[in-house]
Each structure stands twice: as C-alpha cells, then as structure tokens.
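Take a look at the structure set out below.
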There are 2 protein chains.
Amino acid sequence: MSTPAQQLTTTSYAVLGLLCLRDWSAYELVTEMGRGWSDIWPRAVSGIYREPKKLVAHGLAKDRAARTGERSRTVYSVTPEGREAFRTWLATPTHAPQLEAEALVRAGFAEHGGVDDLLATVRQARSFAIERSRVYAAIGDEYRTEGPRFPERVHSIMLVGGFLARYFAAIIDWADWVESHAATWDDIGDADAISDLDALRADVRARVEANLARAR
Amino acid sequence: MSTPAQQLTTTSYAVLGLLCLRDWSAYELVTEMGRGWSDIWPRAVSGIYREPKKLVAHGLAKDRAARTGERSRTVYSVTPEGREAFRTWLATPTHAPQLEAEALVRAGFAEHGGVDDLLATVRQARSFAIERSRVYAAIGDEYRTEGPRFPERVHSIMLVGGFLARYFAAIIDWADWVESHAATWDDIGDADAISDLDALRADVRARVEANLARAR
DNA sequence: CGCTGACACTCTACTTCGGAGTATCTTCCG
DNA sequence: CGGAAGATACTCCGAAGTAGAGTGTCAGCG
C-alpha cells in the first residue's frame with residue numbers, strides 16, 4: 001500500500017482531533033471548525049471539506065453514507081490508527097503562531113494617512129476583540145446553563161479560552177493606548193509633531209523589557 | 001489602458017507602504033518584510049517578489065535596472081499615483097486579525113495526549129514570545145544608540161511595537177498560567193481528574209467578563 | 001397547496017500563495 | 001585561493017482560498 005500523495009497538515013490534525021471526540025458529517029465538521037476553532041485556526045469551508053477525505057485516504061478515518069430524507073451526506077469516524085496518529089502528532093514540536101493583523105500594517109504606516117484613519121483602524125480592531133469576547137461569554141453562559149457539549153474535556157477547552165481572553169484583552173488594551181495618544185495628535189505626518197513620543201517609547205520599552213525579565 | 005487582472009492585496013499595500021519611504025530593490029523589500037513586518041504580516045519570500053511587479057503593472061510603482069558589478073538587480077520606486085493609492089487605502093475599513101496558532105489547536109485537544117506533550121507545547125509557545133521580545137529589545141537598543149532608520153516615522157513604529165509587546169506578554173502570561181496548572185496534573189485524559197478545574201474556569205470567565213466590561 | 005427563503009449539504013474550477021529548491025554573482029575571511 | 005555567507009531572483013508544485021454551482025429540506029405565508 002503506497003502512501004497517499006497528499007500530506008497531512010495542521011488542519012488535517014485539527015479535523016482528526018474532532019473525529020476523536022465523536023463521529024461527524026462533513027457539514028458538521030465545517031460548522032464546528034467555523035464555530036469553535038476559527039479564532040485560532042481559521043480555514044476556508046472548501047478546505048475543511050477536503051480534509052476528512054484525506055484522512056480516509058490515509059486510513060485514519062472511515063466514511064459512511066447517511067441520509068436525511070432523500071438527502072445524502074457523509075459521516076466520518078476515526079479509526080484506531082487515526083487515534084494513534086493523533087496522539088503521536090500531539091507529541092511533535094509545534095509551529096510558531098502566525099498573526100496576520102492588517103490593522104497593524106496600517107498603524108505601522110500611520111504617518112501616510114490621517115489621525116482619523118488611524119483612529120478608525122484602531123476602533124475596528126477594538127470592536128473585533130469585544131465582539132469575539134462576547135461570543136465566548138455566551139458560550140460560557142451556555143456551558144453553565146446547559147452543561148458543556150463534551151464534559152470530559154472541559155479542561156482542554158478552558159486552556160483555549162484562557163488564551164483567547166488574554167489575546168483579546170491585549171488588543172483592547174493596545175487600542176485604548178493608541179487612542180489615548182492619537183486622539184491628542186493634530187498632525188500625524190511627522191514624528192517631530194508628536195509631543196508625547198517619549199511616553200510611547202517608554203511604554204514599549206517597559207513592556208518589552210518586562211517580557212524579557214520573564215525569560216528562563 | 002485596461003485594469004491589470006491581479007488584484008491588490010494587503011501585501012501589495014504593505015510593499016507599497018515601504019516604497020513610500022524610499023526606493024528598494026526587490027531583495028531589500030524581501031529582507032525588510034522579513035525583518036520588520038513578519039510578526040504582523042508574515043509572507044513567503046516568493047510572494048513578496050511578486051508584489052512590486054504587480055504594483056508596477058498597476059502604475060503605482062516604477063522599476064529600473066541596477067547593478068552590483070555584473071550582478072543585476074531591480075530597484076522599485078513609488079509613483080505619485082502610488083502615494084495617492086496608499087493614502088486612499090489607509091482610509092478604508094480594515095480586515096479583522098487572523099491568528100493561526102497550532103499550539104492552541106494542540107492545547108484544545110490536550111486530553112488526547114500526555115501532560116508532558118501539553119507542557120512541551122506551552123513551553124515552545126513561551127519561548128517563541130520571549131525570543132521575539134528579544135529581537136525587539138535589540139531593535140530598541142539600536143534605535144537608542146544609532147538612531148532610528150526613519151526618524152520621521154518613529155511614532156508609527158512605536159504603535160506596532162506597543163501591540164507586539166502586549167501580544168507577546170499575553171502568550172507568556174498564558175503559558176505560565178497553563179504550566180502552573182498542568183504541572184500538577186497526573187492524568188490529563190478526563191476533566192474529572194482535574195482538581196483545579198474551577199480555578200481554570202474562574203480565570204477564563206473573569207477575563208472574558210473584564211473584556212466585556214470595556215465595551216462602549 | 002404552492003412558492004419562497006433559509007438552511008442543510010457538498011463539490012469543483014480556478015487563482016493565489018507558501019515552501020522548497022534552484023541558480024548565479026559578490027564579498028569576506030582563513 | 002577556496003569556501004562560506006550574502007546578494008539576487010526565480011520556478012515548480014502542493015496547499016489553501018474564492019467564487020460559483022448544485023440539490024434536497026423545512027417553515028412560513030398568501
């Protein structure tokens with residue numbers, strides 16, 4: 001038996017992780033990845049539909065046809081080999097996080113626009129973090145009223161929640177910091193016109209050094 | 001003159017933003033994007049080489065051949081239309097940030113591996129944040145001893161630095177929080193075996209609610 | 001009852017992007 | 001001088017995203 005040509009990726013393992021929890025139809029996998037994982041592993045719908053097929057090709061999952069009325073759908077389940085492969089993957093080194101923050105690209109060239117542009121950008125980033133926090137607060141409420149969907153793995157979910165809460169807090173904190181300074185700026189085009197530049201520098205320096213002070 | 005087929009992307013505008021600062025060879029653009037922007041807008045080298053050509057096709061930049069000995073290279077400069085297009089782009093709404101954090105995928109399925117796997121993952125994420133903070137501390141030292149490369153735009157750079165310092169702090173904080181809990185776990189396979197699960201929940205809840213308390 | 005809109009459910013073709021690899025010239029250092 | 005590192009740029013192929021397509025189900029409304 002030859003190795004299938006398509007390589008398994010982090011996305012493959014994320015889907016495999018879901019299959020280790022229960023059987024899912026392809027649509028359910030798409031919905032679950034969109035609802036529960038897109039803040040830390042965003043993937044296009046088409047890509048998610050591809051993954052379980054790859055897992056089947058690798059022998060890590062099995063598919064079966066199911067029906068809703070005359071409507072056909074495919075349900076995927078994990079194989080023992082799949083469980084083993086997932087456990088093995090968890091023991092491999094992790095890739096570094098990658099952040100794509102267009103708002104930061106814009107802030108990094110703020111001098112080419114206006115103060116209003118910068119403030120609008122910052123407020124959009126802030127709104128994003130608040131809205132996402134709102135979604136997770138609702139999930140927390142749901143857990144407390146109806147119980148978690150997978151009670152046996154709540155501790156793992158809390159680890160993710162703890163990260164996201166801190167990540168969104170960092171965005172909100174940053175946005176407020178920028179706004180507190182930029183709102184006083186008349187002219188953004190030249191650093192010479194920024195009267196509180198030293199305060200900006202001092203904040204950054206103190207925080208970077210605080211991070212380094214936590215090195216082991 | 002027909003509109004070129006390839007659409008301009010955030011990467012296009014990031015490169016255009018650099019061109020607004022000075023002329024750059026393609027190699028210099030690749031180096032600069034890798035050094036100064038990859039923590040907020042990571043892009044493959046091959047993709048960056050493609051961008052200035054697109055800008056030229058759109059009339060936002062011009063290219064000219066240059067030489068080092070017999071070695072040829074291409075130097076790109078911004079056009080007035082390019083400057084205007086960049087200014088216009090800065091006034092458009094920004095896309096939400098996107099984070100791909102494999103460590104979080106792993107943490108989110110931690111119950112399928114061992115405590116050691118989780119701790120290793122968390123420590124790798126922590127090391128990443130410390131190392132990146134170290135790079136920015138060195139850049140800060142360089143700014144203080146040799147002066148910034150673009151003194152007129154230091155305030156914009158500080159805005160990016162302020163975000164990254166907070167982002168890395170969030171990662172370090174999260175890693176220490178996870179480690180403080182996970183190091184006491186014997187069995188990670190079932191939430192029933194997690195004696196400090198309530199502390200995990202309380203941390204997440206308090207932080208999510210603190211974020212919401214900052215809503216406007 | 002029939003129609004419509006939203007949802008359930010899935011896929012494909014094409015384009016863009018990333019990573020790995022390639023190649024050649026230039027400079028520096030032992 | 002030779003080798004390593006840097007300068008300089010590109011190609012190829014697989015991964016991933018976008019846009020679009022299609023079909024069944026169900027609830028609500030005229």
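Chain A is the first sequence line, chain B the second, and so forth, proteins listed ahead of strands; every chain is numbered from 1.
- The nucleotide whose nearest atom lies closest to any side-chain atom of A:Gln7 is, among C:dG19, D:dA15, D:dA19, D:dA15.
- Residue A:Arg67 places no side-chain atom within donor-acceptor reach of the base of D:dG24, judged by atom type and a 3.5 Å distance cut-off alone.
- Below 30°, between 30° and 60°, or above 60°: for A:Tyr167 and A:Phe163 the angle between ring planes is below 30°, a parallel geometry.
- Here the C1' atom of nucleotide C:dC11 and the CD atom of A:Glu51 are 15 Å apart, to the nearest Å.
- Residues satisfying the side chain to side chain donor-acceptor pair (under 3.5 Å) test with B:Gln98, not counting sequence neighbours, are none.
- Summarising the geometry of A:Asn211 relative to B:Ala169, their closest heavy-atom pair is OD1-CB, 3.3 Å, with the distance given to 0.1 Å.
- For A:Gln6, whose side chain is taken as the heavy atoms from C-beta onward, the closest listed nucleotide among D:dT18, D:dA9, D:dA15 is D:dA15.
- Closest approach to the A:Tyr49 side chain among C:dT10, C:dC17, D:dA19 is made by C:dT10 (side chain taken as heavy atoms from C-beta onward).
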Yes or no on salt bridge (charged side-chain N to carboxylate O under 4.0 Å, His left out) for A:Arg214 and A:Glu209, after CA distance, side-chain angles and deciding distance? CA-CA 9 Å; A:Arg214 299 172 75 169; A:Glu209 289 183 353; over 6 Å; no

Can you pull every protein N or O that's under 3.5 Å from an N or O on nucleotides 24-27 of chain C?
residue: C:dT24; atom: O2; partner: B:Arg71; partner atom: NH1; Å: 2.1
residue: C:dT24; atom: O2; partner: B:Arg71; partner atom: NH2; Å: 3.0
residue: C:dC25; atom: O4'; partner: B:Arg71; partner atom: NH1; Å: 3.1
residue: C:dT26; atom: OP1; partner: B:Thr68; partner atom: O; Å: 3.1
residue: C:dT26; atom: OP1; partner: B:Glu70; partner atom: N; Å: 2.2
residue: C:dT26; atom: OP1; partner: B:Arg71; partner atom: N; Å: 3.0

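- Of the residues in residues 11-45 of chain A, A:Ala26, A:Tyr27 come within less than 4.0 Å of DNA chain C through at least one heavy atom, sorted by number.
- DNA chain D is contacted by both A:Ile48 and B:Arg73; B:Arg73 maps to the nucleotide lying nearer its 5′ end (nearest heavy atom per residue).
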Could you give me the CA-CA distance, side-chain angles and deciding distance for A:Arg35 and A:Glu142, then say whether salt bridge (charged side-chain N to carboxylate O under 4.0 Å, His left out) is met? CA-CA 14 Å; A:Arg35 163 187 150 119; A:Glu142 182 185 309; 3.5 Å; yes

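- Put simply, the side chain of B:Thr9 and the base of C:dT16 share no donor and acceptor less than 3.5 Å apart.
- Going from atom CD of A:Gln98 over to atom P of D:dA15 covers 17 Å, rounded to whole Å.
- The ring pair (Phe, Tyr, Trp, His ring centres under 6.0 Å) contacts involving residues 86-119 of chain B comprise A:Trp37-B:Phe109, A:Phe86-B:Phe109, A:Phe86-B:His112, A:Phe109-B:Phe86, A:His112-B:Phe86, B:Tyr13-B:Trp89, B:Phe86-B:Trp89, where partners must be two or more places apart or lie in separate chains.
- Partners of A:Gln124 under the side chain to side chain donor-acceptor pair (under 3.5 Å) rule, at least two apart in sequence or in another chain, do not exist in this structure.
- Sequence order on DNA chain D of the closest nucleotides to B:Thr74 and A:Ser72 puts B:Thr74 first from the 5' end.
- Side-chain atoms of B:His181 do not come within 3.5 Å of backbone N or O of B:Asp176 as any donor-acceptor pair.
- Contacts of B:Asp39 classified as side chain to side chain donor-acceptor pair (under 3.5 Å), with partners at least two apart in sequence or in another chain: B:Arg132, B:Tyr136.
- The CZ-P distance, from A:Arg50 to D:dA15, rounds to 9 Å in whole Å.
- Summarising the geometry, the separation between CG on A:Asp63 and P on C:dC11 is reported as 10 Å, rounded to the nearest angstrom.
- Remark: A:Lys53 is in phosphate contact with C:dC11, judged by side-chain N or O atoms under 4.0 Å from OP1 or OP2.
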